[in-house]
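These notes are about the structure you will find just below.
Here is how names work: the chains are called A, B, and so on, in the same order as the sequence lines, proteins then strands, and each is numbered from 1.
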Amino acid sequence: MRRPRRRSRALAAGVVAAAMVGLAGCGAGPTGPPTLNWYINPDDGGQAEIAARCTAASGGAYQIEVSTLPNDAAEQRQQLVRRLAANDSSIDIMSIDPPYIPEFAEAGFLAPIPEDVARRSTAGVVNSAIEGSTWRGRLVTVPFWANTQLFWYRKSMIAGSGLDPTRPVTWDQLVAAAQRKGSQLAAQGDRGESLTVWLNALIESGGGKIVTNPSPDDPKAVGLGLDSPAARKSAEIMKAVSGVAGPGFSTADEEVNANAYQDGSAMFTVLWPSSLWGKVKSAVEEGSAPASLLADTGWGEYPRTDAARPSAPPYGGINLGVGRFSPNPDLAYRATECITSPANQAYYFVANGNPAVKESVYSDPEVLKEFPMAPVIRQSLDQAAPRPQTAYYAEISESLQRNYHPTAAIDPSTVGPATAALIRAVLAKEKLL
Amino acid sequence: MSTREKVLWVVAGIVIVVYALLPVGWIVSLSLKSSSDIANGQFLPTEVSWENYSQILVGDAAELFLPALRNSFGIVLIATFISCVLSMFCAYAIARLDFRGKKLILSSALAVAIFPVISIVTPLFNLWRQIGLYDTWPGLIIPYLSLTLPISIWTLSAFFREIPWEMEQAAQVDGATTWQAFRKVIVPLAAPGVFTTAIIAFFIAWNDFAYGISLTSTGAARPVPAALGLFSGASQFESPNGPIAAAAVIVTIPVVVLVLLFQRRIVAGLTNGAVKG
Amino acid sequence: MSTTTTRTEETTEPVRPSGGTSDRARAEQRLGWLLAGPAFVVMLLVTAYPILQAAYYSLFDYRLTDPDKRSFVGLNNYLVILTDSVWWTSFGVTVFITVVTVAVELVLGFALALVMIKALKAIRPVLRAVILIPYAVITVVAAFAWQYAFSLDSGFVNSWFDWLPGVSADTDWFGGTFSSLFVICLAEIWKTTPFISLLLLAGLAQVPEVLQEAAKVDGASWWQRMSRVTIPNMKAAIMVAVLFRTLDAFRVFDSVFVMTAGANSTETVSFLAYRQTISRLEIGLGSAVSVMLFVSVVLICVLFIKGFKVDLSAQRGEN
């Protein structure tokens, strides 16, 4: 994870007057291969390792340096957008959370993908990831890895709760089971992107949509499905879950959920594979959790909103964008092809728990050994639904969080229409956020 | 003072010490908890662990923390230095010379001191990205001057007023120019005041958060408070509480050392600058 | 300070060479600006210029990711803000935090100052050193310390204070508006009370001892001496301390950012401005909020100076 410090910058910055010259000074020395800067979201070291592997594999054509962005997806977007708005040429490759891709594309922050790269990087890739990389019918980013949430349960604890985990479960059943056993259902109730993820999955699973027409040209004409029956049912579920989700639900994020699952205060949860299985595995290795926890952990498809309809689990992950102002876009795209090679995707899956986008990786024996639930993940990715695809995603997501948080205080009959009105006003710039 | 009264004051003193040190002690204690111990619900760690420190100093989080620490020291020291030099000249003129506009300068310093930082962050961000100062050291040093200059000017003018100026006059009578008199006679007399001002300016710049998060975006210039605010832990599996606590302790060490070494001066400087001015 | 008038007279009168010619005066004028000018210009450049720029941007509909669609909208942004309950909620929260923290800090700071002035000589340096520590600790660090102390997963407050009614092992302090604000105020108070108490200490030290003694001889009680002699004599010190802290508290940002990020209606005006510009990337709307924040601060200042007759230039020994 270490990277050479940019001495040229540090030195230049020492003198106030040298500031403007200093900016030009970063990059490779006079002799080395061109440096590609890759802005990554924090992970368990996997992207840095892949960067090193690709640097080695390039045979001196380029070298990749990673810079880590903040943890929060919204913060990552802010950092990148602010740099790109400053025409920053030091951004060659960036790891982008899919819902923000339309905004990047619309603002012209992404270098166009060469035809052949587009063809190769979408071959044999799960559907949701291609959808998440596309804007206005064109591929704008390279799919890297795709995330989805599963339903996880403690086999020993759900016994006697009336739940049959071999069949798809519904949210209503989970709430009832938690009440019956006096245990918790761990979910993401804090005010953040994860709340939007949850709400979107609930509504999509119920057959609804938050944004019914992406309407890129006129934000004011956005179509919203927040007063649909599916949206209303989703609000009811959120409110009901907050009754069985433990005392700190309004500030509970993935981390808190995984802890609650691990210490037994929650008997089931909905989480990303890395946040649950990956964490449980490393806790067992460290000795801070009993080895039996692994065998006691069961998994299944994301809970249904509507018992009769297969669920639409959350779609997340990371796609790679190449910065518009990069001096070496072609080289950067070559590097993305190396980064997303099946071997690297398999490595990333196994080492960091981040599922691949290439279908072939799911039959890799190493992957199946470390993540026995890989087939369920793949199945979920096929069913997964992306969050609203619009250049104004950040505003929509923040508006949703404003009205749906704290979930315990939701009024299911009014929250949908009220939020739709808020989103319209915000997009028309008639309201603050 | 009766014995009973004495005891009472000592007790009050102890209460103050506890008040001031409890949160600091807590963050130190938290930084010594291992990740499995963080949630023990107790003030003290069950077992002292250096895991958090090794993580931010040599481990996975080092590449986030160490550049930030370097940025903080570099940027704050440079800003402190510049503001000391500028305010030294300014305060000298205010304390010593009679010229029109003195009042204007002092009121501007006051106005700048009450300025809401957030109000100027947006235009500065926009300007910085246009002229290439965004996410650079000078991009923070310049706005830090707006934080440190006003209080430096006040504090220093207050100190300078108490300098025995007859000595300067004497030097001038001996044929020295105003500049020579200033340099040879006044500078040595003023040094303690300048030093105190530097410490206070350092505290203020060291404390900045709003500029730090708004005008930087990478390890190239992001100072420690901003890095702490956006810190995520070394990996997605680990709670960041422990490493943040450890980083917090490390950035608190310099200010605590300064306080312990120079408490008398700092108190004099603070009360001089703000009250007596 | 009024209490300084006796001291300033002897020190601030510029020592002017007798029989200075107008040449000399002009040279002094020039030298004055030569020395003071750079600091003055830098201060103006980094504050006045940006705020004017903000005032200009605030008249536009201007989104960072869409600069081509920038359009002039006049005062519309201000209209949006003033008719939005979000602004008024943030304003209310900010005023709440300001009033609560300043009031508590004033009382607490006064008590601290009294202890420091009466404390035995032996422990005085110790007190002075420890009291400076909260002042010197970074606000963000203080905010984290208090947040972690109260948080459900890593805190100790719930287990220490579970005997209090309303506090149990499961109390989620950051789950509600008032409990969140309580912790935010606590962190602010802890961090800034020392500053106020030092200012008050300086004022306290300058209350003439003779007056105290005279009142004592007249048989005044401790409380009477305090309210009739001490406090009136340090009114100026109190007002300056309150003014500075009020302006400071009104700009509260760091603690809110760290502890709640504005969740549960704990957003302050500074945070609102930050969010419009930096998160939402609406430069126009964000600039308008910034200007409103600036105007609020100026209004508070004017209110104090005109309403409470805090004469700052007199405090500063300028005549």
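Considering only residues two or more places apart in sequence or on other chains, B:Thr122 meets the side-chain hydrogen bond (donor to acceptor under 3.5 Å, both in side chains) condition with C:Thr277. With sequence neighbours left out, C:Phe257 forms a ring-ring contact (aromatic ring centres under 6.0 Å, His included) with B:Phe209, C:Phe253, C:Tyr274.
Aromatic ring centres of C:Tyr135 and B:Trp206: separated by at least 6.0 Å.
Interface check for chain B: of the options C:Tyr57, C:Trp160, C:Trp190, C:Phe144, the most heavy-atom pairs under 4.5 Å are formed by C:Trp190.
Both the backbone and the side chain of B:Ile120 come within less than 4.5 Å of a heavy atom of chain C. Using a 4.5 Å cut-off between heavy atoms, B:Leu127 touches chain C through its side chain atoms alone. In this structure, the portions of B:Pro150 lying under 4.5 Å from any heavy atom of chain C include both its backbone and its side chain. Of the atoms belonging to C:Ile278, it is side-chain heavy atoms, and not backbone ones, that fall under 4.5 Å from chain B. Proximity to chain B (any heavy atom under 4.5 Å) is restricted, for C:Leu247, to the side chain, taken from C-beta onward. C:Phe294 touches chain B through backbone and side chain together, each having a heavy atom under 4.5 Å away. With a threshold of 4.5 angstrom between heavy atoms, B:Ile118 approaches chain C through its backbone and through its side chain. With a 4.5 Å cut-off on non-hydrogen atoms, B:Leu258 does not touch chain C at all. Interface remark: B:Ala109 contributes backbone and side-chain atoms alike to the contact with chain C (heavy atom separation under 4.5 Å).
Side chain of B:Trp26 to main chain of C:Phe156: no donor-acceptor pair is present (N/O by atom type, distance under 3.5 Å, no hydrogens or angles). Side-chain atoms of C:Arg251 come within 3.5 Å of backbone N or O of B:Phe115 as a donor-acceptor pair. Without hydrogens or angle criteria, C:Glu28 side chain to B:Asp98 main chain gives a donor-acceptor distance under 3.5 Å.
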_Check against side chain to side chain contact (heavy atoms under 4.5 Å, CB included), B:Tyr19 and C:Ile131_ = CA-CA 9 Å; B:Tyr19 158 86; C:Ile131 211 163; 5.6 Å; no
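Shortest non-hydrogen contact noted between B:Gly41 and C:Ser159 is O-OG, 2.5 Å.
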